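Below you'll find the structure, written out as structure tokens, and then a few comments.
Every chain is numbered from 1 and lettered A, B, ... according to where its sequence line falls, protein lines coming before strand lines. Fair warning: this is a prediction, and the values are worked out from it, not measured in the lab.
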Protein chains: 2
Amino acid sequence: MNKNKDVAGEEPSGALMADVARLAGVAISTVSRALANPGRVNEKTRAKINAAARQLGYTPNAMARGLRVGKSNIIMIILPGSLYYGASQIIPHVLQSINKSLIQGGYNLMIANLDRDEISERHILDLAFGGSVRGAIILSSKLPEVDGRSLANSGLPIVSMLLDMSDAGLQSVITNDREAVRDVTAELIRLGHRRFFYLAGPEGNYHDVERYGGVLEALEGAGLSEGSVRRSGGHLDYQHGFDIGVQAADDFAKLTEKPTAVIATSDDMAISFVSRVQRRGVSIPGDLSVVSFDGSPVCEFCSPPLSTIKQPVEEMGRAAVDLLLDAIGQRENAAAVRTVIRSSLISRESIAAPKS
Amino acid sequence: MNKNKDVAGEEPSGALMADVARLAGVAISTVSRALANPGRVNEKTRAKINAAARQLGYTPNAMARGLRVGKSNIIMIILPGSLYYGASQIIPHVLQSINKSLIQGGYNLMIANLDRDEISERHILDLAFGGSVRGAIILSSKLPEVDGRSLANSGLPIVSMLLDMSDAGLQSVITNDREAVRDVTAELIRLGHRRFFYLAGPEGNYHDVERYGGVLEALEGAGLSEGSVRRSGGHLDYQHGFDIGVQAADDFAKLTEKPTAVIATSDDMAISFVSRVQRRGVSIPGDLSVVSFDGSPVCEFCSPPLSTIKQPVEEMGRAAVDLLLDAIGQRENAAAVRTVIRSSLISRESIAAPKS
DNA sequence: TTGTAAGCGTTATCAC
DNA sequence: GTGATAACGCTTACAA
């Protein structure tokens with residue numbers, strides 16, 4: 001029954017439920033019951049079975065169980081390639097947080113990469129439609145969809161994270177970016193700033209829309225015109241944050257009327273931007289205040305230490321898993337909702353009142 | 001046959017091989033053959049089957065196949081919690097690189113976290129012995145082992161990455177850290193440096209041993225005594241790299257005879273160390289040269305830009321996957337070997353000749 | 001409380 | 001070249 005070629009009669013691995021049953025002197029179904037519903041089996045029998053299982057080093061076969069019950073215990077996280085980089089450590093944090101919560105719920109985490117090609121889309125759809133996964137957490141704005149199959153109607157519970165996809169009918173765990181930017185911009189205005197420089201990731205991207213929107217709201221609230229803010233970037237992905245900052249520094253140098261405050265949409269942009277403009281003699285925060293996004297730990301050790309709006313990644317991960325497991329538990333999906341986790345400004349020396 | 005409650009007679013998902021067979025007017029086994037061994041079935045039949053499959057949006061069930069063939073197509077990567085942080089982006093890169101190679105080989109990547117508790121060990125062992133995974137890539141020095149079951153004799157192909165575990169019989173993909181440190185130390189000596197400061201991660205850790213060993217080799221080669229180098233750190237995990245650097249700056253301040261060159265074993269350490277000693281008036285590289293490990297992109301934008309020894313993570317990931325897939329292909333495991341990928345020094349302004 | 005037996009959706013071994 | 005049919009290892013009615 002044991003398919004391994006045993007050395008010296010030992011059973012180092014590969015014991016089956018049938019092996020356990022035989023050793024314990026019971027039927028195979030009793031073993032199954034003892035392991036799954038310990039309450040529904042005689043205590044003495046259960047003890048025998050547990051002893052046998054332990055002696056054989058028995059581990060239930062997950063695929064067999066999965067096939068039988070028609071469910072897998074794997075959750076996939078769909079990551080766009082563009083999120084993979086950056087000093088912000090967002091991805092590692094997300095993975096750690098999600099994986100931890102998932103394991104407590106008895107699930108495993110599988111990684112799925114969603115690039116801008118059909119191959120990766122097809123791959124994800126195979127996972128979804130092939131019964132391999134039980135649910136998905138997606139950090140991309142695009143739902144895979146290739147020749148007829150679409151993740152949207154795969155029947156899988158899906159939770160979006162970082163991006164608001166409630167319009168597409170997905171539970172979404174997001175941060176209050178708009179509000180956070182509005183507040184920090186308002187604070188900059190209060191300090192006396194009137195001309196702003198905004199470093200953007202991909203134009204039209206959810207984060208860009210929300211964050212830039214926040215800037216505009218603050219300007220409007222203070223009676224300032226849209227012209228008070230200049231944009232830089234918009235072409236490159238967040239993945240190329242450092243490049244965006246370098247380019248923005250060039251753009252900044254060309255401006256005749258210099259802004260006095262910079263709002264960067266990632267720490268990477270801020271870091272490379274600051275590095276480059278300092279080299280050109282710009283003093284921070286003397287000549288220019290800087291605030292950015294993500295809350296990368298490294299910001300504390302920049303000179304000057306950078307103010308940054310922290311993304312509460314761990315909480316978001318937990319929330320996403322909670323929502324997903326809820327959805328898996330229910331028969332019907334709850335109405336799409338936004339779960340907003342508040343992000344907070346970490347205030348450091350890179351912000352000050354503008355010179356005179 | 002389709003278990004989904006279809007809306008309006010459509011079959012949005014969940015088609016089985018039997019459905020395809022019926023639609024194509026052939027036996028189910030023919031469908032299986034057509035999909036797996038297209039060569040062994042009549043071209044016309046195959047066309048019919050493919051058409052039917054496509055029309056139904058058929059996706060083979062991975063668990064059923066896995067159960068039947070006795071193999072899963074999932075590879076797990078075992079990550080220690082301590083690797084999850086740091087501006088170095090090592091983890092995201094590793095994951096991306098490994099996942100990419102894996103997918104090309106038809107495999108999927110599952111994440112397994114190995115913390116210092118029995119729970120996570122048991123979890124990994126369940127994955128290994130439960131037939132869920134086909135192989136493992138491990139980035140931890142410790143092989144899970146709980147009550148009898150041990151990953152080492154799970155029969156799974158395992159490849160170690162970053163750490164040399166060839167002694168434990170594992171194929172290991174590593175970098176030439178010792179040599180790299182020896183070379184850079186020798187270069188520092190050549191520049192005139194005679195007193196060194198070494199920032200360590202956990203003492204006795206593989207990386208610490210190799211890298212510190214490299215320093216000593218260079219000293220010896222130049223006829224300098226072991227006393228030429230002072231150590232700091234050794235208690236905290238790499239996860240706390242920034243803290244190590246901060247503490248090292250305190251240690252440094254207390255030294256009466258100041259070293260003129262710092263060798264840090266991670267960029268995080270170097271970054272926070274530099275930040276703190278600069279604040280105390282130490283000039284870099286004027287008073288102190290600095291070199292560190294990992295090759296974090298952010299180092300380019302520090303002031304001064306930091307020299308760092310780049311870990312060739314992508315190549316390591318590819319190599320690890322290649323070795324793993326080879327091992328899966330063979331019946332017998334190849335003899336344990338080290339695969340050494342060369343890391344390279346990225347030389348920037350943080351290194352100079354010592355004053356006077 | 002326990003045992004028997006029927007499947008889960010594939011693949012593989014046979015005949016035909 | 002194609003079609004029955006028996007597994008793969010488990011769970012779950014249902015019977016005893």
Side-chain angles (χ1 to χ4, degrees), chain A residues 1-4 11 13-49 52-53 56-73 106 126-127 129-134, chain B residues 1-4 11 13-22 24-50 52-53 56-73 106 126 129-132 134:
Chain A
M1 194 52 83
N2 186 315
K3 64 189 166 184
N4 288 357
E11 308 228 343
S13 75
L16 303 182
M17 198 173 259
D19 297 315
V20 177
R22 195 171 323 106
L23 183 58
V26 298
I28 185 172
S29 57
T30 308
V31 176
S32 175
R33 235 174 280 129
L35 267 34
N37 302 40
R40 300 187 39 169
V41 72
N42 184 300
E43 189 181 336
K44 237 177 133 181
T45 319
R46 191 185 33 186
K48 257 193 316 195
I49 291 175
L56 294 175
Y58 171 71
T59 308
N61 182 301
M63 289 194 299
R65 168 180 302 177
L67 176 59
R68 175 59 233 235
V69 303
K71 314 171 187 321
S72 116
N73 70 337
D126 285 346
L127 250 21
F129 285 86
S132 297
V133 306
R134 189 72 188 289
Chain B
M1 193 53 85
N2 186 315
K3 65 188 166 185
N4 288 357
E11 307 228 341
S13 75
L16 303 181
M17 199 171 259
D19 298 314
V20 177
R22 195 172 321 109
V26 296
I28 184 171
S29 56
T30 306
V31 176
S32 176
R33 230 174 286 132
L35 266 35
N37 302 40
R40 301 187 39 169
V41 73
N42 184 300
E43 190 182 333
K44 237 177 133 182
T45 320
R46 192 185 28 180
K48 254 191 319 190
I49 292 174
N50 284 337
L56 295 174
Y58 171 71
T59 308
N61 182 299
M63 288 193 301
R65 167 181 299 173
L67 175 60
R68 175 60 234 231
V69 304
K71 315 171 186 321
S72 114
N73 70 337
D126 286 346
F129 285 87
S132 298
R134 189 74 188 289

Close N/O contacts between protein and nucleotides 1-4 of chain C (under 3.5 Å):
residue : atom : partner : partner atom : Å
C/dT2   : OP1  : A/T45   : OG1          : 2.3
C/dT2   : OP2  : A/N42   : N            : 2.7
C/dT2   : OP2  : A/T45   : OG1          : 3.4
C/dG3   : OP2  : A/A27   : N            : 2.8
C/dG3   : OP2  : A/T30   : OG1          : 2.6
C/dG3   : N7   : A/S29   : OG           : 3.3
C/dG3   : N7   : A/R33   : NH2          : 3.0
C/dG3   : O6   : A/R33   : NH2          : 2.9
C/dT4   : O4   : A/S29   : OG           : 3.0

Donor-acceptor pairs are to be reported for all side-chain atoms of residues 34-48 of chain B against protein atoms at under 3.5 Å, with residues two or more places apart or in another chain.
residue : atom : partner : partner atom : Å
B/N42   : OD1  : B/K44   : N            : 2.7
B/R46   : NH1  : B/P38   : O            : 3.4

Pairwise distance [atom1]([X]) to [atom2]([Y]) - rounded to 0.5 angstrom:
| X | Y | atom1 | atom2 | value |
| --- | --- | --- | --- | --- |
| A/D126 | A/S132 | CG | OG | 8.5 Å |
| A/D19 | A/M17 | CG | CE | 11.0 Å |
| B/L67 | B/S72 | CG | OG | 11.5 Å |

Could you give the [atom1]-to-[atom2] distance, from [X] to [N], as a whole number of Å?
| X | N | atom1 | atom2 | answer |
| --- | --- | --- | --- | --- |
| B/M63 | C/dT10 | CE | P | 11 Å |
| A/L16 | D/dT11 | CG | P | 12 Å |
| A/M17 | D/dC10 | CE | P | 5 Å |
| B/L67 | D/dT11 | CG | C1' | 13 Å |
| A/N61 | C/dC8 | CG | C1' | 13 Å |
| A/L56 | D/dG9 | CG | P | 15 Å |
| B/I49 | C/dT10 | CD1 | C1' | 15 Å |

Helix axis bend for the helix from C/dT1-D/dA16 to C/dC16-D/dG1 - C1'-based end axes, five pairs, 10° rounding
40°

Any side-chain N or O of A/Y58 under 4.0 Å from OP1/OP2 of D/dG9?
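So the side chain of A/Y58 is outside the cut-off, no N or O lying under 4.0 Å from OP1 or OP2 of D/dG9.
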
Confirm from the modelled atom types if B/R65 and C/dT10 form a donor-acceptor pair under 3.5 Å, side chain to base only.
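Checked by distance alone, the answer is no.
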
Check this for me: does the side-chain of B/R68 come within 3.5 Å of the base of C/dT10 through a donor and an acceptor?
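Counting by modelled atom types and ignoring angles, no donor-acceptor contact under 3.5 Å is found here.
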
